[in-house]
Structures are given as structure tokens and as C-alpha cells.
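A quick write-up on the structure given underneath.
The chain is numbered in sequence order, starting from 1. Keep in mind that this is a model prediction, so the values were computed, not measured.
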Amino acid sequence: MHILNEVSLFSKLDKEELKLLKNISTSKKYSKGEILFYEGDRSKNLHLLVEGILKLYKTNFKGQQIFLHQFYPQSFVAELTNFEDIPFPASAEFITDGVVLKIDFEKFKTLIHGNPNLSLKIIRSLSEKLKIMSEVIHNEVILNSEAKVAKMIVELPELFGDIKNTKIAQFLNITPETLSRTLSKFKQLKIVKIDESQKITYSNLKKLSKFYE
């Protein structure tokens, strides 16, 4: 499984350890819009995002999606559910095509017991999840709509034009109308330029960042 050689998380493993990991791993390709897992599901595998962008969201009692976070390649997704033996607390959907490496968790535990370097990296990954939850709380409690939009333009400009603005509004937990008004305001202020396909062709990162810093 050559894909293992491309994952930085396993760069310190020797050939024998990589071989052991290969024997307990499988890779799967996903298309844009496919679900990796649903809230409430359980998994016997660790999920390592190798390619693509994945969004994590919850669904409220009205059936509306509440965007929580986006994951990028070479990061574990919801690994806490494996370590704590709990159901997934949210759902995960691909917003681009992607590839996930699925690792048998019980066999993986045996492997990391003999590899302190890998154990440390897992701990760091779990620590990052605490930072993610802190950011989610910050975004929802402190940031207003303009700040949310500005932050997304700075951090994920490639999403504009690639997916519909209604989806982006869902990610930000604002209405499509609010998103449209905010983008229009930014255009009038000349801190962003948007082409006919809704792609961001120019953005003044310094001025945008002032909306949320």
C-alpha cells in the first residue's frame, strides 16, 4: 500500500512497521457529497483523511445542518470515538473528492504500544481536537456574520465558486441572504473581487482579518 509512504504521520516508521500497518489498513475513495459517517454511528476503524476536504456537522431538530469544522489531508477524523468507545458525535461529508485510510483500531492499539513516536503523534492529534472545539465555540458565540464570512474568505477562498453559496451559508450557520449582503458589502469596500462564477479573484487579507481578530 504505497499510500502509507505518503502519510507524514507514519514517516518515522521502519519498513517492518509499515508492513504491519499495511496489513491492518484499507483505503477507500469518496466522491464529493458522499458521507464518511453519520452522527450516532460506531466504527471499528481509525479514519485518516489522505486526500480531499471533509466537513463535520451536526443536525438540529429542524433538520438543519450546523457546520462545526473542516478537515484537510493527513489528519485523523473523530479518532476520539475510537479511544473512548463512543458513537460519532457528528456527521462527516466530503465537500471535494477524497481518499480515506481506514485502520483496524484494535490491531492499531497493539502496534502503537511498541512505538512511542507514533503514540506521541496520536496525543498531539487529540490535542488539536480540543483546539477545534474551542474555535467552534469562539466562532458561534463571539463572531458576527461579517466576521464569519471574512474568516472563511481568508482561510478557505477556494470554496467560493466551487460549491454553492447556500452550502457556504450552511457552513457558517447564517442565511444565504446574509451571506449575499455581506459579500456585496465587501465588494463595495473593495476588499474582495468576485467573478461571475462566484470565485474569489482578489481579497485584501489584512482588511478582512480585522473583522474577526
Side-chain angles (χ1 to χ4, degrees), residues 7 9 25-106 108-109 121-145 147-149 151-152 154-156 158-160 162-176 178-179 212:
V7 178
L9 184 64
S25 305
T26 57
S27 64
K28 182 177 179 181
K29 293 182 178 180
Y30 289 85
S31 299
K32 177 180 177 180
E34 278 197 84
I35 300 295
L36 177 60
F37 53 76
Y38 285 102
E39 180 178 352
D41 286 350
R42 287 183 176 271
S43 177
K44 295 181 179 180
N45 300 312
L46 281 171
H47 295 88
L48 179 66
L49 183 63
V50 179
E51 296 178 14
I53 302 176
L54 189 70
K55 73 170 181 177
L56 195 70
Y57 68 92
K58 290 182 74 70
T59 304
N60 64 18
F61 69 95
K62 294 182 180 180
Q64 299 171 322
Q65 288 187 7
I66 300 174
F67 176 76
L68 299 177
H69 186 65
Q70 64 280 331
F71 290 93
Y72 298 98
Q74 301 205 1
S75 61
F76 277 113
V77 180
E79 70 275 24
L80 187 62
T81 61
N82 296 99
F83 287 96
E84 295 294 328
D85 191 25
I86 59 175
F88 290 116
S91 302
E93 177 185 334
F94 279 90
I95 56 178
T96 66
D97 292 344
V99 176
V100 170
L101 188 69
K102 298 187 177 184
I103 306 170
D104 185 294
F105 181 63
E106 289 302 316
F108 184 71
K109 284 195 297 185
K121 289 190 175 183
I122 295 295
I123 292 172
R124 287 174 178 169
S125 180
L126 291 171
S127 177
E128 284 298 316
K129 298 303 181 295
L130 294 177
K131 294 179 182 179
I132 288 170
M133 292 311 300
S134 177
E135 182 179 352
V136 169
I137 293 170
H138 172 78
N139 288 348
E140 289 306 308
V141 175
I142 298 177
L143 300 187
N144 61 24
S145 298
K148 289 181 180 180
V149 176
K151 197 168 188 288
M152 177 161 277
V154 172
E155 296 180 352
L156 291 170
E158 67 274 12
L159 292 188
F160 291 85
D162 185 49
I163 61 176
K164 295 181 179 179
N165 279 358
T166 53
K167 283 287 186 182
I168 293 177
Q170 283 184 349
F171 294 169
L172 299 174
N173 299 326
I174 61 177
T175 66
T178 298
L179 175 61
Y212 60 87

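- Remark: I86 CD1 to S43 OG distance equals 12.0 Å, nearest 0.5 Å.
- A distance of 6.5 Å separates CD1 of I53 from CG of L156, quoted to the nearest 0.5 Å.
- Side-chain contact between T166 and P176 is present, with at least one heavy-atom pair separated by less than 4.5 Å.
- Pairing each heavy atom of L159 with each of I95, the nearest pair is CD2-CD1, 3.9 Å.
- The OG atom of S91 sits 7.5 Å away from the OH atom of Y38 when rounded to the nearest 0.5 Å.
- Considering V100, L101, T81, L54 in turn, V100 is the only one that fulfils the side-chain contact (heavy atoms from CB on, under 4.5 Å) rule with H47.
- Applying the salt bridge (charged side-chain N to carboxylate O under 4.0 Å, His left out) test to every pair with at least one member in residues 44-61, sequence neighbours left out, gives these pairs: E39-K58, K55-E93.
- Shown here for P73 and G52, the closest heavy-atom pair between the two residues is CD-O, 3.3 Å.
- Nearest approach of Y72 to E155, heavy atoms of both residues: OH-O, 4.4 Å.
- Side-chain contact check for D85 versus R42: some heavy-atom pair is nearer than 4.5 Å.
- For the atom pair OG of S25 and NZ of K102, the computed distance is 12.0 Å after rounding to the nearest 0.5 Å.
- Within the model, atoms CG of N45 and CD of E79 stand 13.5 Å from one another, a figure rounded to the nearest 0.5 Å.
- Here the closest heavy-atom approach between residue I174 and residue S145 is recorded as CG2-OG, 3.7 Å.
- What you find for S31 and F94 is that their closest heavy atoms are O-CB, 3.8 Å.
- Closest of all the heavy-atom pairs between F71 and F76 is CE2-O, 3.8 Å.
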>> Please evaluate residues V154 and Y212 with respect to the criterion side chain to side chain contact (heavy atoms under 4.5 Å, CB included), reporting the C-alpha separation (whole Å), side-chain torsions for both, the decisive distance (0.1 Å), and the verdict.
In response: CA-CA 11 Å; V154 172; Y212 60 87; 3.5 Å; yes
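- Atom NZ of K28 sits about 8.5 Å away from atom CG of L36, to the nearest 0.5 Å.
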